[in-house]
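Inspection log for the structure reproduced underneath, given as structure tokens.
No hydrogens, no waters, no symmetry mates; every other heavy atom, side chains included, goes into these values.
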Amino acid sequence: MVLRALGLGDLLTALPALRALADAFPGHRLVLAAPAVFAPLAWLSGALDRVADTAPLQPLDRSLHRPDVAVNLHGRGPQSHRVLLATRPGRLIAFAHPDVPDSAGSPPWAAAEHEVARWCRLLQSSGIPADPSRLDLLAPGTPPPWAAAEGATVIHPGAASGARRWPVDRWAAIAGAAAAAGHRVVVTGRAAEAGLGADVAARSGLSPDSVLAGRTDLLGVAAVVAAAGRVVCGDTGVAHLATALGTPSVVLFGPVPPSEWGPPPDRPSHVALWAGRRGDPHAPDPDPGLLRISVEDVLAALDGLPPPARSGAGSRPATPNR
């Protein structure tokens, strides 16, 4: 049983660790405790047997009790450690925390570490080989909405916190420039971001049909990204989707450096822009470092992207279904 009851980007950065666990325990059922909304995407990893609907740091369902192995990919503890220990696992794989005696002897947490490498290191320290490059997802079998035709430029202006949201007028400038250059442009987002998407479209002169925010479910967003020619977004889950599906991307970072959450450096078709300034990732207003990234910076990065190197799936093969 693996605890990772967080967001979309958290799920996607854990793919290499999930695949490593599937390989290390081939005779076991691998259960992911995570929000059910992510289950359709999690199945595309080919690594799981079950997704158990789980809210962050809430007690786990009794059907998940007494696992042979419990793996904490949720955090450093102690709360998440205790959630897993309450299920009375045969073995706990987790980072060491001084308030949890059962974690004594486990590897230490490292603050400045890439999120993908972090969880692979945890497993490696526990004797489980883990390859951080295994990030790819198979593309969904469903076609994208008609507005997101093959090769579209995807603009994703939203993010979970204000600190990671670039100003709407700058997104509109990017969308307008892409459309003027002859690209089909679509604007994606959650249902709560439909107004933001409509604002970007109105300011840039795009048709209302180009706004997909609030009109697609998670698999629909994945289908849009998989079919796109390029993606431009902030430090959010869609950035990790672009990496997993092999779609070239430009990602704007503000309070958190790309060395911790950005696309891997061995994938040159994904460009991270960062002004080199750390800040509060949960602040309500755009981070000053994010505001240092100009429209011209983003347009130059987009112009330098290569065409997609994939044919309906990530550029590297995903693990087959178990």
Side-chain angles (χ1 to χ4, degrees), residues 1-111 113 115-116 118-123 125-128 130 160-161 190-192 217-219 236-237 240 261 281-282 322:
M1 180 178 62
V2 180
L3 179 63
R4 186 74 167 167
L6 296 165
L8 174 59
D10 304 282
L11 169 66
L12 295 172
T13 52
L15 288 178
L18 292 173
R19 288 172 171 147
L21 289 166
D23 291 347
F25 299 99
H28 287 67
R29 295 176 65 246
L30 181 58
V31 179
L32 174 66
V37 67
F38 300 125
L41 201 62
W43 293 127
L44 297 179
S45 71
L48 301 172
D49 294 294
R50 178 186 170 193
V51 176
D53 188 19
T54 304
L57 300 178
Q58 294 302 301
L60 298 177
D61 188 84
R62 292 194 63 84
S63 66
L64 303 180
H65 284 210
R66 294 187 178 275
D68 291 332
V69 183
V71 185
N72 190 351
L73 301 186
H74 190 92
R76 64 189 300 177
Q79 296 96 329
S80 51
H81 287 13
R82 291 170 180 153
V83 167
L84 287 173
L85 288 170
T87 69
R88 302 169 68 183
R91 176 187 179 190
L92 175 68
I93 297 176
F95 284 112
H97 194 285
D99 294 341
V100 183
D102 293 83
S103 69
S106 297
W109 178 271
E113 184 173 23
E115 188 70 3
V116 175
R118 181 191 313 284
W119 305 112
C120 288
R121 178 175 64 85
L122 171 64
L123 299 186
S125 300
S126 304
I128 298 171
S161 66
R190 298 176 292 115
D217 59 13
L218 187 56
L219 278 185
T236 189
H240 299 285
W261 279 91
H282 306 295
R322 301 175 69 221

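Looking only at side-chain heavy atoms (C-beta outward), L41 and L219 come within less than 4.5 Å of each other. Side-chain contact between H240 and V116: absent, with no pair of heavy atoms (C-beta onward) separated by less than 4.5 Å. Residues I128 and F25 form a side-chain contact, since some pair of their non-hydrogen atoms from C-beta on lies under 4.5 Å apart. M1 has its side chain within reach of L84: a pair of non-hydrogen atoms, C-beta onward, lies under 4.5 Å apart. Residues P108 and F95 fail the side-chain proximity criterion, which asks for heavy atoms closer than 4.5 Å. Side-chain contact between L57 and S80 is present, with heavy atoms from C-beta onward closer than 4.5 Å. Using a 4.5 Å cut-off on side-chain heavy atoms (C-beta onward), D99 and R82 make contact. Under the 4.5 Å side-chain criterion, counting only non-hydrogen atoms from C-beta, L6 is in contact with H74.
Side-chain atoms of S45 do not come within 3.5 Å of backbone N or O of L15 as any donor-acceptor pair. Within the 3.5 Å criterion, the main-chain N or O of L73 finds a donor-acceptor partner in the side chain of R4.
V83 pairs in a side-chain contact (heavy atoms from CB on, under 4.5 Å) with only one of the listed residues (N72, L3, T54), which is L3.
Defined by atom type and a distance below 3.5 Å, a donor-acceptor pair is missing between the side-chain atoms of S103 and R76. No hydrogens or angles considered: a donor-acceptor pair under 3.5 Å links the side chains of R50 and S63.
Counting heavy atoms of neighbouring residues, nucleotides and ligands inside a 6.0 Å radius, atom NE2 of H282 does not exceed 12 of them.
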